Amino acid sequence: MTIKDKVIVITGASSGIGQATAEVLAKDGAKLVLGARREDRLKAIATKFPAGQVLYQKTDVTDRQSVASLVELAKNQFGRVDVLYNNAGLMPISELSELKVDEWERMIDVNIKGVLYGIAAVLPIMIAQNQGHVITTDSVAGHIVHPGTAVYAGTKYAIQAIMDGLRQEQVAHHIRTTMISPGAVNTELFSTITNPQTRARIEKDEKENGLAAADVANAVAYAIDQPDNVAINEVLLRPRSQKL
Ligand code: NDP
């Protein structure tokens, strides 16, 4: 089985990379369960496809039970979970001296703990199936830190450790892991930045130079659409013009 008929759960599916991935995978015949906080956006995506193919549920990834319930929906409706795509994230970047401690905590809650809650929800199911695939949106920021990205990059470096630990531990249960690590992508991610100058700079860069969300979605589809013995552990992709 490649993409067609796979049961795939996506968090952060209401915009940007998550939405584009949902649309690419649904066109390829996957059965999808989409989660995010903006339910109206999820509904608008689901209604583009035949009834019953794309389900959705309002989900907050900072709430373990909310993530567990999203995964349960997939298991109950479709009988299994082939892929979890942990994609929800936010990027309110700032220098540490700005002391935006609440934003640091929010990034840790969504970008790290949200991913861990996803893993916790699917792991028992995938171990029992003796098959599964966990994908997480990491970033070039999981490899390189700049002034202003210390905490955001810290969350993405953490994903490198968590995902590689998962990979090593679950070889025996045939669970594949993939990190999708984009550079700049033209999405709504800049909107979480509260420093006006930084926000304007990142918005301009993402709009003028960023990849399209569909470019990243194609990388996700590539990782899923492999023979079962092939694990694409990371895809690192940048706009051609991005140096670092
Ligand atoms: P968007 O802002 O367009 O998408 C972010 C998604 O995360 C939305 O669907 C949002 O949904 C969801 N989300 C945020 N907080 C929560 C929450 N508490 N619970 C559930 N869902 C949540 O940006 P992108 O598409 O760019 O971001 C997707 C991922 O890509 C992130 O992990 C980001 O770090 C990563 N990334 C992005 C890059 C870029 O340049 N854009 C580069 C590298 C990585 P809602 O608000 O409806 O809950």
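Counting convention: from 1, in listed order, for ligands and their atoms alike. Here the structure is a predicted model, which means the values were calculated and not measured.
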Q: Do Ser69 and Gln57 pair up side chain to side chain, a donor and an acceptor below 3.5 Å, judged on atom types alone?
A: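 Yes.
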Q: Out of Gly183, Ala88, Ala36, Ser191, whose heavy atom is nearest to atom 42 (C) of ligand 1?
A: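 Minimum heavy-atom distance to atom 42 (C) of ligand 1 goes to Gly183.
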Q: Going by side-chain contact (heavy atoms from CB on, under 4.5 Å), Thr136 matches just one of Thr177, Thr178, Ile159. Which one?
A: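 It is Ile159; the other options fail the test.
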Q: Counting N and O atoms only, with roles assigned by atom type, does the side chain of Asp82 sit under 3.5 Å from a partner on the main chain of Val7, one being a donor and the other an acceptor?
A: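 The answer is yes, because a donor-acceptor pair under 3.5 Å joins these two groups.
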Q: Any chance CZ of Arg64 has more than 12 other-residue heavy atoms, nucleotides or ligands included, within less than 6.0 Å?
A: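 No, not enclosed.
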Q: Does a donor on one side chain sit under 3.5 Å from an acceptor on the other, for Ser66 and Asp63?
A: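 No, because no side-chain N or O of Ser66 sits under 3.5 Å from a partner of the opposite role on Asp63.
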Q: Tell me the protein heavy atom at minimum distance from atom 30 (O) of ligand 1, and give that distance in Å.
A: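 Answer, as residue, atom name and distance: Thr137 CG2, 3.2 Å.
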Q: Taking all heavy atoms of Ala184 and all of Asp205, pick out the closest pair and write down the distance.
A: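 Smallest interatomic distance, heavy atoms only, reads CB-OD2, 4.0 Å.
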Q: Counting distance only, does the side-chain N/O of Thr155 pair as donor-acceptor with the main-chain N or O of Ile112 below 3.5 Å?
A: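 Looks like no, no N/O pair under 3.5 Å.
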Q: Check this for me - ligand 1, Thr62, N or O atoms closer than 3.5 angstrom, yes or no?
A: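 No; the residue has no nitrogen or oxygen that sits under 3.5 Å from a nitrogen or oxygen of the ligand.
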Q: Would you mind listing which atoms of ligand 1 come within a distance below 4.0 Å of any non-hydrogen atom of Gly16?
A: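 Counting atoms of ligand 1 from 1, those under 4.0 Å from Gly16 are 3 (O), 25 (O).
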Q: Return yes when Leu90 approaches ligand 1 closer than 4.0 angstrom through a heavy atom, no otherwise.
A: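 Per 4.0 Å heavy-atom rule, Leu90 does not contact ligand 1.
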Q: What residue and atom, counting heavy atoms only, is the protein's closest point to atom 40 (O) of ligand 1, and at what distance?
A: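 Nearest neighbour among protein heavy atoms for atom 40 (O) of ligand 1, to 0.1 Å: Val185 N, 2.8 Å.
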Q: Would Arg41 count as a contact residue for ligand 1, given that I'm defining contact as a non-hydrogen atom of the residue lying under 4.0 Å from a ligand atom?
A: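 No; Arg41 lies far enough from ligand 1 that no heavy-atom distance drops under 4.0 Å.
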Q: In terms of atom number and element, which parts of ligand 1 are under 4.0 angstrom from non-hydrogen atoms of Ala13?
A: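 In order of numbering, the contacting atoms are 9 (O).
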Q: Applying side-chain hydrogen bond (donor to acceptor under 3.5 Å, both in side chains) as the test, list every pair that has at least one member in residues 27-37; sequence neighbours left out.
A: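 Every pair satisfying side-chain hydrogen bond (donor to acceptor under 3.5 Å, both in side chains) with a residue in residues 27-37: there are none.
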Q: Using a strict 4.0 Å cut-off to heavy atoms of Glu206, name the atoms of ligand 1 that fall inside it.
A: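 Matching atoms, with element in brackets: 39 (C), 40 (O), 41 (N).
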Q: Which residue supplies the protein heavy atom nearest to atom 16 (C) of ligand 1, what is that atom called, and how far is it?
A: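 Checked against all protein heavy atoms, atom 16 (C) of ligand 1 sits closest to Arg37 NE, 3.6 Å.
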Q: Can you find a non-hydrogen atom of Ser181 under 4.0 Å from ligand 1?
A: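 Checking ligand 1 against Ser181, which is what was asked, there is no heavy-atom contact under 4.0 Å.
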Q: So which heavy atom in the protein is nearest atom 12 (C) of ligand 1, and how far is it from that ligand atom?
A: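 Answer, as residue, atom name and distance: Gly12 CA, 3.6 Å.
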Q: State the atoms of ligand 1, each with its element, that fall below the 4.0 Å cut-off from a heavy-atom position in Ser15.
A: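 Those atoms are 1 (P), 3 (O), 4 (O), 8 (C), 9 (O).
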Q: Measuring from the heavy atoms of Arg106, does anything fall under 4.0 Å of ligand 1?
A: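 Yes.
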Q: Using heavy-atom distances only, which candidate in Leu211, Asn87, Ile202 approaches atom 32 (O) of ligand 1 most closely?
A: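 Ranked by closest heavy atom to atom 32 (O) of ligand 1, first place is Asn87.
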Q: If you have a sec, work out which protein heavy atom is nearest atom 19 (N) of ligand 1 and how many Å separate them, to one decimal?
A: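 So the nearest neighbour among protein heavy atoms is Val61 N, 2.9 Å.
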Q: Looking only at distance, does Tyr152 have an N or O less than 3.5 Å from an N or O of ligand 1?
A: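 Yes, at least one N or O pair falls under 3.5 Å.
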Q: Before giving the answer on side chain to side chain contact (heavy atoms under 4.5 Å, CB included), spell out for Leu32 and Tyr85 the whole-Å C-alpha distance, their side-chain angles and the decisive distance to 0.1 Å.
A: CA-CA 11 Å; Leu32 297 177; Tyr85 182 21; over 6 Å; no
Q: Work out whether the distance between some heavy atom of Asp138 and some atom of ligand 1 is less than 4.0 Å.
A: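 Within the 4.0 Å threshold, so yes.
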Q: Numbering the atoms of ligand 1 from 1, which are under 4.0 Å from a heavy atom of Gly89?
A: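 Numbered from 1, ligand 1 contributes 5 (C), 7 (O), 14 (C), 31 (C), 32 (O).
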Q: Backbone N or O of Thr137 within a donor-acceptor pair of the Lys156 side chain at under 3.5 Å?
A: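 It does hold such a pair.
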Q: Under a plain distance cut-off of 3.5 Å, with no hydrogens placed, do Gln242 and Asn209 share a side-chain donor-acceptor pair?
A: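 No donor-acceptor contact under 3.5 Å links the two side chains.
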Q: Pick one: which of Arg41, Gln19, Arg38 meets side chain to side chain donor-acceptor pair (under 3.5 Å) with Ser14?
A: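 When side chain to side chain donor-acceptor pair (under 3.5 Å) is applied between Ser14 and each of Arg41, Gln19, Arg38, only Arg38 qualifies.
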Q: Using modelled atom types and a 3.5 Å cut-off, is there a donor and acceptor pairing between side-chain atoms of Gln129 and backbone atoms of Gln131?
A: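 Indeed, once roles are kept as given, a pair shorter than 3.5 Å links the two residues.
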Q: Between Gln53 (side chain) and Ala30 (backbone), is there a donor-acceptor pair under 3.5 Å?
A: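 Side chain of Gln53 to backbone of Ala30, a donor-acceptor pair under 3.5 Å: yes, one is there.
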Q: Find all atoms of ligand 1 within a distance of less than 4.0 Å from any non-hydrogen atom belonging to Asp60, and give their numbers and elements.
A: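 Near Asp60, the atoms of ligand 1 are 17 (C), 18 (N), 19 (N).
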Q: Hey, does Ile17 come in under 3.5 Å of ligand 1, counting only N/O atoms on both sides?
A: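 Right, the criterion is met.
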Q: Is it the case that ligand 1 has an N or O less than 3.5 angstrom from some N or O of Val110?
A: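 For ligand 1, there is no N or O atom that lies under 3.5 Å from one belonging to Val110.
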Q: Could you find the nearest protein heavy atom to atom 37 (C) of ligand 1 and give me its residue, atom name and distance?
A: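 For atom 37 (C) of ligand 1, the nearest protein heavy atom is Leu189 CD2, 3.4 Å.
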Q: With no hydrogens and no angle check, is any side-chain donor or acceptor of Gln160 less than 3.5 Å from a backbone partner on His143?
A: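 No, Gln160 side chain to His143 backbone: no donor-acceptor pair under 3.5 Å.
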Q: Is the shortest N/O to N/O distance between Pro182 and ligand 1 below 3.5 Å?
A: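 By distance alone, the answer is no.
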Q: What protein heavy atom is closest to atom 26 (O) of ligand 1, reported as residue, atom name and distance in Å?
A: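 Here the closest protein heavy atom is Thr187 OG1, 2.7 Å.
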Q: Please collect all salt bridge (charged side-chain N to carboxylate O under 4.0 Å, His left out) contacts where either partner lies in residues 234-244, sequence neighbours excluded, each pair once.
A: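 Listed once each, the pairs would be none.
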Q: Taking N or O atoms only and a 3.5 Å limit, does Ala184 qualify as a polar contact for ligand 1?
A: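 N/O-N/O distance under 3.5 Å: no.
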Q: Can you name the atoms of ligand 1, numbered from 1 with element, that are less than 4.0 Å from a heavy atom of Thr59?
A: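 That gives atoms 19 (N), 20 (C) of ligand 1.
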Q: Taking only heavy atoms of Ser14, which atoms of ligand 1 are found under 4.0 Å from at least one of them?
A: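 Those qualifying, in numeric order: 8 (C), 9 (O), 10 (C), 11 (O), 45 (P), 47 (O).
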